[in-house]
Every structure is written in C-alpha cells, then in structure tokens.
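Everything below concerns the one structure shown next.
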Amino acid sequence: MLKSSRLVIEHQCPQCGAPATLEETERLFTCPFCRVKSYLVTADYFRYLLPHAAPAGKSLIYLPYWRFKGSFFVSLLGGIKPRIVDVSQQAVSSPMFPVSMGLRSQTLKLRFVSPENEGVFLKPKVSSKDLLQVAEETFASSTREPMFAKTFVGDTLSQIYSPFYITDKLMDAVLNRPVSLAPPKDFDISTIEGGKPDWRIEFIPTLCPNCGWDLQGEKNALALSCRNCNSLWMNKRKGFVKLEFGIFPSETPDAIYFPFYRIRADVTGIKLDSYADLVKTANMAKVVQEGWDEKPFRFWTPAFKIRPDDFLFFSRNLTLSQPPKAYVPKLPQGEVLPVTMPLQDAVESLKINLASFMKPPQMLRVLDSIVIKAKSVVLVYIPFQKSCNELYQPAFNLRTNKTLLEYAKHL
Ligand SMILES: [Zn+2]
Ligand SMILES: [Zn+2]
C-alpha cells in the first residue's frame, strides 16, 4: 500500500472559536461544538506554518517551502509513463536554509498562516511553475527518449512556512538546533524581502447560491450538491459555481457511482471534432459509418483522486468508448465517490489523454503543435457494480480492483 504523506492542521471554528484539527484535503468543516458548517477557500493555494519552539524574545524568520503532491505524466514513443510526485522545495532560494522541510511537516500539526502571526515572513521568489519545471527536468535527465507531451495533475499545491531565528548561528526554531551552515559574516537578513503575511484562510457558508438550502458533501469534496433544487456546485477560488451534471442510472441497487468530467473541447492542430475523427486518430479497427461525423467527440476524465495509472486507464478507455447514452439530470443516490479532482487538472490532462490513444506512434510528433481548449463540461456519475474484489462497469466494459477505493480515499 502506498504511504502518502498527509498534513494535519490545527485551527479554530470561524463561528464559535472552538479548536479543531483538519486534514489537508478537508474543505467542508463541520464544527463538533456549534455544528455550523463552513467551506475553506482560497484564491490560489493554502499557506501553513510550522509551530515554533523558540525561546521567548527571539525574532522569528519564516522561510516558505513549496509542497506539491500529484502525478506526472509524460508521453514517450513506447507509451505514457506516469509517476507519483511528492516534493517540497524552498520558495525562496537560499543556501543558508535547509533545502527541504524534511519530514517535520508530517509529524507536527500545522496552522494556517495569518496576518496576525509574529515574525518576518520571507516573500516567495520561486513560482509554482518553477517548482514543476525542476521536477520535470529531474525526470527529463533520467531518460534519453524524446518526450511528446507532459503534464502534472496535482492533488495538492501549498506553501509551508518554517520558522528560524538567528543567534551566532542560524537556528531551526522547530527543533531549536543550529542549521548546519553558520551564516556568513556579511549575512544580513534585512536584505531578504519579507514582512507580515498578507493571506488568511477564508470560510464561506455552505448555502446553495440558487435556493439558500444547505449544501451536502463529504469533507474533502470539491463539489457540493443541493438536494432541494437539484443542483451541483463546484468550488472555484472563493465561491461556488454551478456545474451541469447527470447520472447513468444503475441497473443494480448496490452500485457505487464514480464522478467523471465529460469535456467538449476545441482541438487545433489535428481534426478531432467527431466520433469519425476519433476512429481515425486512434486508428480503430472500425469502418466509419454514416452519421459518425455528426456525433460530437468528448474527452472523459476521472473527477476523483486516483493513482496515475488508473487515471490514465479511465481517461483513455472512457474517451475511446464515447459513452453514447444521454445522462439523466439527477443526483445519484446511495454510495457515491466525492469529486476530489479539480476541474483545472482534468483539463490540463487532456493532451496526455489524447497521447494515450493516438496511433500510429509517429503521430505523437504533432502533439507539440496541438492546443486543446475546454469549451463545456458536464459532471457525469457512472455506476460500478461490486463483485468480490472487483468494481465492474458492464456498459463500457471497465473493470478495476476494489483497492482503488482505498487509494481514492487516502491519496
Ligand atoms: Zn463552532
Ligand atoms: Zn438549491
């Protein structure tokens, strides 16, 4: 079983101030004391700090580290190589400070950063793009094969501030011990840009923007449903936006529903507009029939967190199946996997999805010039039947091991 690092965050109920702990993937917080529900939002990414244990009176300096957890997909001639990425790296490059946080963020409870925090918070100088660039170069240096398309599908992108202070040495304020290098004589902390953090966690009420009813969802859900006006709402930046949705009704009562994004996209650089285009692009052993050039082509992508090889499996096979059935605009009943994959990541994965079925492989060379832009999205819940160790979707002939559910919950 994959052991994935997860953070625990200490915070307070925004309503009654009661202390609580959260896991980093939790978004919908229900206070155990006042029962008020609220949803955690940010315009970009969450920022945490490690609690310090410095002696009283020390001036603290917080160095930000990026944390990225997700999957990296790269298309090579021999197929797509997915891998799990879990990195932390300085967001202010400085040889003075430790290059990574090590394991401390996994053993200590974090807190959300806020403008009230004491200390100097160094201003991040390394962008999240730079961070992923480094991860990509690390991969590129490990292979000599040409890479045709590559993308990160992120589960988590956040910043963690780690505290330090200066005596005659630079001290780690978590462990209260010197960081290996003594500061050079001319080191002057005031030359590094920083100040009070200008960020805080925000909470929004979980009320349906359409009818004011209480929205429902799991703790880690990125989409919440309103059972009163039958609508689905996805978190985008600091609010909720309406999402079109539907189900393929199950024929068996104990099915479990998986959410998928069905994405209609503008593809330039290759003709991929209809089912007939798909048959040609994927070089399927099928004769194009009348009417197939009228049938719109759509990408399909899992809307739940999943291991990278499963992500690819579902994306590729559902896209090739082009589920023909019209969906029923209802919310599923019974067991449902929550939406945990951001739509943005699903959209970014479309080129890899395309690379997974393009044939012959020489065609991959055109991938660089292809641009894919999402036009419209529907969230479709597809039922899977349970049998022994398997989950099975008969209509699209998809089979997967039940352990997928464990991964989906713990990634
Ligand atoms: Zn409360
Ligand atoms: Zn409503």
Side-chain angles (χ1 to χ4, degrees), residues 6-42 46-49 51 108-117 158 197 199-250 257-262 303-304 326-343 376-383:
R6 283 197 293 179
L7 310 180
V8 176
I9 301 111
E10 260 179 344
H11 87 132
Q12 289 178 330
C13 169
Q15 190 67 27
C16 74
T21 54
L22 293 175
E23 282 200 13
E24 70 176 326
T25 50
E26 285 184 36
R27 296 303 202 83
L28 180 63
F29 168 70
T30 306
C31 175
F33 293 92
C34 70
R35 307 302 307 165
V36 167
K37 290 204 293 186
S38 43
Y39 199 82
L40 284 77
V41 292
T42 176
F46 293 124
R47 293 154 174 80
Y48 311 106
L49 61 78
L108 291 165
K109 282 183 182 151
L110 307 186
R111 304 214 178 103
F112 288 114
V113 160
S114 95
E116 287 81 46
N117 293 131
S158 55
W199 183 90
R200 69 167 74 245
I201 187 73
E202 290 180 61
F203 297 88
I204 54 174
T206 55
L207 302 177
C208 173
N210 182 48
C211 74
W213 201 264
D214 199 19
L215 294 174
Q216 304 290 321
E218 283 78 1
K219 286 196 276 193
N220 58 349
L222 299 180
L224 303 180
S225 58
C226 176
R227 301 262 166 198
N228 185 48
C229 69
N230 192 43
S231 58
L232 192 72
W233 300 87
M234 183 138 215
N235 171 233
K236 190 176 182 188
R237 298 171 72 86
K238 294 184 184 176
F240 291 114
V241 290
K242 199 168 183 179
L243 199 61
E244 206 180 315
F245 67 94
I247 62 168
F248 292 157
S250 171
Y257 284 91
F258 289 6
F260 292 90
Y261 293 116
R262 192 190 81 173
F304 50 100
Y327 56 83
V328 180
K330 284 203 314 193
L331 292 164
Q333 302 288 338
E335 205 177 342
V336 184
L337 272 190
V339 174
T340 49
M341 176 68 71
L343 177 56
S376 60
V377 181
V378 182
L379 190 89
V380 182
Y381 289 96
I382 299 181

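Since the model is a prediction, treat every value here as computed from it, not as a measurement. Counting starts at 1 for both ligands and their atoms, following the listed order. One-based numbering along the sequence shown.
Around the Zn ion (ligand 1), the protein N, O or S atoms found under 2.8 Å comprise Cys13 SG, Cys16 SG, Cys31 SG, Cys34 SG. The set of protein atoms (N, O or S) found at less than 2.8 Å from the Zn ion (ligand 2) reads Cys208 SG, Cys211 SG, Cys226 SG, Cys229 SG, by chain and number.
Considering all non-hydrogen atoms of both residues, Asn210 and Trp233 come closest at CB-CZ2, 3.6 Å. The minimum heavy-atom distance linking Ser231 with Phe245 is given by the pair CA-CE2, 3.8 Å. Closest of all the heavy-atom pairs between Lys37 and Thr206 is CB-OG1, 3.6 Å.
Other residues, nucleotides and ligands contribute more than 12 heavy atoms inside 6.0 Å of the CD atom of Glu10.
Under the 3.5 Å distance criterion, the side-chain polar atoms of Tyr48 are left unmatched by any main-chain donor or acceptor of Ser158. Judged purely by atom type and a 3.5 angstrom limit, Asn235 uses its side chain to pair as donor or acceptor with the backbone of Arg237. Between the Lys219 side chain and the Leu22 main chain, no donor and acceptor come within less than 3.5 Å of each other.
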The test is ring pair (Phe, Tyr, Trp, His ring centres under 6.0 Å); show your working for Tyr381 and Phe260 and say whether it passes.
CA-CA 6 Å; Tyr381 289 96; Phe260 292 90; 9.3 Å; no
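Interatomic distance, CG of Asn220 versus CZ of Phe304, reported as 13.0 Å (0.5 Å rounding).
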